[in-house]
Amino acid sequence: MTYLLARRRSPWATAFLLLLALVGIGGIYALASGSTQAEATAPSASTTQIDEGRKLFLEGCSTCHGLNADGAFQLDGTIAGPTLIGVGSASVDFQVSTGRMPLAAPGAQVERKDPSYSDEETAALAAYIGSLAPGPEIPMPDLYDTTGITPEELALGGQLFRANCAQCHNFAGEGGALTDGKYAPSLTETEPRHIYEAMLIGPQNMPNFPDSTLRPEDKRAIIGYIEALRETPNSGGIDTGRLGPVTEGIVLWTLGLGALIAVAIWIGVKAK
Amino acid sequence: MTIEPYDSGDLPEHKPRRSDVDPKAAKRAERQVGFLFIASGLASAAFIVAYIVTPVDKEMPLPGFGSTNASNLLLGITMGLALFLIGAAAIHWAKKLMPDVEVVQERSPESSEAEHRDALLDEYRRGIDESGVKRRPFILGSMAAALGLAGLPAVVLLRDLGPLPADALTKTMWERGMHILIAETEQKIRPEDMQVGTLISAVPEGIDLVMEEAGNLNELAKSAVMLIRMDPAEIVADQTPEGKEPWSYEGILCFSKICTHVGCPLGLYEQLTHHMLCPCHQSTFDLADAGNVIFGPSSRSLPQLAITVDEDGYLIAREGFAEPVGPSFWERG
């Protein structure tokens with residue numbers, strides 16, 4: 001005790017006391033907030049996911065999108081890959097889980113193919129890119145789950161589909177051509193989640209339809225309508241791809257006219 | 001009239017058919033024709049059975065083509081066969097069994113004889129003389145007037161079929177201060193609702209009332225617009241006249257949705273190239289360059305609507321369209 005008292009005016013004493021106080025307060029806080037510590041483990045799991053995603057990104061994506069995901073240029077000055085800061089996790093989920101990314105070869109259209117990453121790896125990549133800056137997030141399943149959709153919602157979905165989607169994706173969602181080899185893909189087998197994400201982010205040349213202009217319930221109605229289109233039977237017979245006048249014209253001009261010409265020839269040939 | 005083989009020398013010699021010379025072949029042909037008629041009758045009966053038996057909404061697989069409506073398919077096949085087989089039987093009958101010799105049909109000359117024609121002309125001239133119209137011009141004149149006026153009631157009736165278009169072709173309902181609403185969901189729009197690359201199909205506020213009053217959808221066919229937001233740096237030009245307030249707002253441009261070719265609703269927007277295509281005939285407009293036509297049959301730029309925001313921050317029209325929207329028409333000049 002006398003040892004401490006003798007040194008109470010030492011310049012170290014203040015520092016020592018401060019340290020003591022800090023440790024004390026920290027210890028009390030740690031004891032008091034013991035319950036919140038357990039909850040804080042969830043984001044820390046996400047942190048591992050982000051780390052995992054960053055690792056995957058550096059291995060598989062950074063060549064084109066840059067080591068910091070802020071885009072990169074080729075030697076000739078053209079863009080190798082655009083910046084991914086702010087594109088959001090929805091973008092990553094759409095591009096990677098539909099196999100569009102990683103890109104096999106540059107071209108007019110980024111093609112859909114079998115995904116290169118597992119679901120967990122895709123989620124990790126999405127978490128990493130999503131952590132860089134705020135952007136559209138992967139939608140929750142209840143947003144695109146259309147079970148129990150009402151006829152009224154389907155009708156609205158149909159109106160919105162014809163106003164916003166049908167010009168490119170065809171009245172029956174079969175897709176269609178754009179300029180210079182680009183095309184709007186068919187929606188006949190697209191997963192609801194990917195349709196939802198595409199509306200949110202506007203991949204490639206598709207315009208985007210954020211929640212502020214196309215509300216989540218509108219998006220769900222559109223997805224419900226697309227699903228209803230798939231189940232709609234072809235009451236008229238062969239659908240010829242539901243592409244409208246082009247295929248219908250080909251069938252009529254070749255098969256239809258061909259049959260008529262054959263009959264006309266039969267009528268005209270003299271009997272033996 | 002007796003039927004004699006026609007012999008003009010320039011036709012190949014008439015050859016009798018097998019069914020002409022061989023009674024067995026004739027009998028076979030007869031059976032074939034009869035069979036075709038019977039098959040047609042069976043198809044008609046099958047139509048009635050299919051009509052009664054098949055539920056209207058039943059689906060059936062069509063190998064190689066997916067599935068189709070069973071009722072439509074069966075009714076179509078049976079009725080098609082029933083009609084086709086009648087025709088096929090008739091043609092087969094005519095070709096195999098009916099006489100196939102070439103015949104000449106004698107015809108009398110088609111014009112009247114000269115003396116009959118002269119007599120008619122004489123009678124016509126005598127009629128004009130006897131009616132005295134040459135001596136009494138007043139009657140001729142008043143008759144011409146009466147005949148002419150008799151056509152006027154028809155003109156009045158036709159004119160009364162409906163109002164003239166007036167300025168319906170040149171004016172839309174857009175006017176200063178009108179809110180721009182999202183089509184179908186009718187929400188007002190703030191600029192911050194739109195990201196770069198956002199496309200909105202939009203209509204003027206109050207269009208429902210206008211269409212209800214008119215009892216038709218004409219206003220939608222004229223006033224529909226598209227809002228597009230792009231990076232302001234990428235806008236080469238818009239249609240703002242020199243010395244006027246800008247027609248676009250912070251990179252948000254508003255264009256007519258009606259193609260200037262034949263009036264299809266546009267909407268094929270490539271957000272990276274800023275090209276707006278028409279789904280009907282592929283007219284392509286460069287929205288980043290004043291809506292100019294860069295491809296396709298359209299000959300005029302897409303009309304731009306001047307926009308701004310009101311005091312609450314919602315997008316509104318700055319004024320109506322400066323030119324008629326949609327396809328060209330005669331009076332447009």
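On a predicted model such as this, the values are computed, not experimentally measured, just so you know. Order of the sequence lines fixes the chain letters, A, B, ..., with proteins taken first and strands second; residue numbering starts at 1 for each chain.
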Measure the [atom1]-[atom2] distance between [X] and [Y] for me, rounded to the nearest 0.5 Å.
X	Y	atom1	atom2	result
A:Phe161	B:Glu184	CZ	CD	13.5 Å
A:Met206	B:Leu268	CE	CG	12.0 Å
A:Asn205	B:Thr273	CG	OG1	5.0 Å
A:Thr213	B:Arg229	OG1	CZ	12.0 Å
A:Asn164	B:Ile200	CG	CD1	9.0 Å
B:His92	A:Ile267	NE2	CD1	13.5 Å

Is it the case that the side chains of A:Asn208 and B:Thr198 hold a donor-acceptor pair, with the cut-off being a distance below 3.5 Å and no angle test? yes
In terms of heavy-atom proximity below 4.5 Å to chain A, should [X] be classed as side chain, backbone, both, or neither?
X	result
B:Asp57	neither
B:Ser71	neither
B:Ala88	both
B:Lys257	side chain
B:Glu59	side chain
B:Leu277	side chain
B:Phe84	side chain

Please check if the number of heavy atoms outside [X] that lie under 6.0 Å from its [atom1] is greater than 12.
X	atom1	result
B:Lys15	NZ	no
A:Glu189	CD	no
A:Glu137	CD	no
B:Met79	CE	no
B:Leu83	CG	yes
B:Arg18	CZ	no

Looking at A:Pro210, A:Gly176, A:Cys165, A:Ala177, which one has more heavy-atom pairs under 4.5 Å with chain B than the rest? A:Pro210
Side chain, backbone, both or neither: which part of A:Ala166 has a non-hydrogen atom closer than 4.5 Å to chain B? neither
With a 4.5 angstrom heavy-atom cut-off, which part of A:Thr240 approaches chain B: side chain, backbone, both or neither? neither
Pair A:Leu160, B:Thr185 - check side chain to side chain contact (heavy atoms under 4.5 Å, CB included), show working. CA-CA 8 Å; A:Leu160 290 165; B:Thr185 57; 4.1 Å; yes
What's the shortest heavy-atom distance between [X] and [Y], and which atoms?
X	Y	answer
B:Gln195	A:Leu200	OE1-O, 4.4 Å
B:Gln271	A:Gln204	NE2-O, 3.1 Å
B:Ser201	A:Ala163	OG-O, 3.1 Å

Compare all side-chain heavy atoms of [X] with those of [Y] and state whether any distance is below 4.5 angstrom.
X	Y	result
A:Lys270	B:Asp100	yes
B:Gln187	A:Asp218	yes
A:Gln167	B:Leu266	no

Specify which of B:Cys280, B:Cys278, B:Gly267 makes the most heavy-atom pairs with chain A at under 4.5 Å. B:Gly267
Counting heavy-atom pairs under 4.5 angstrom with chain A, the leader among B:Ile228, B:Thr284, B:Leu199, B:Asn69 is B:Leu199
Side-chain (B:Lys95) to main-chain (A:Trp266) donor-acceptor, under 3.5 angstrom: yes
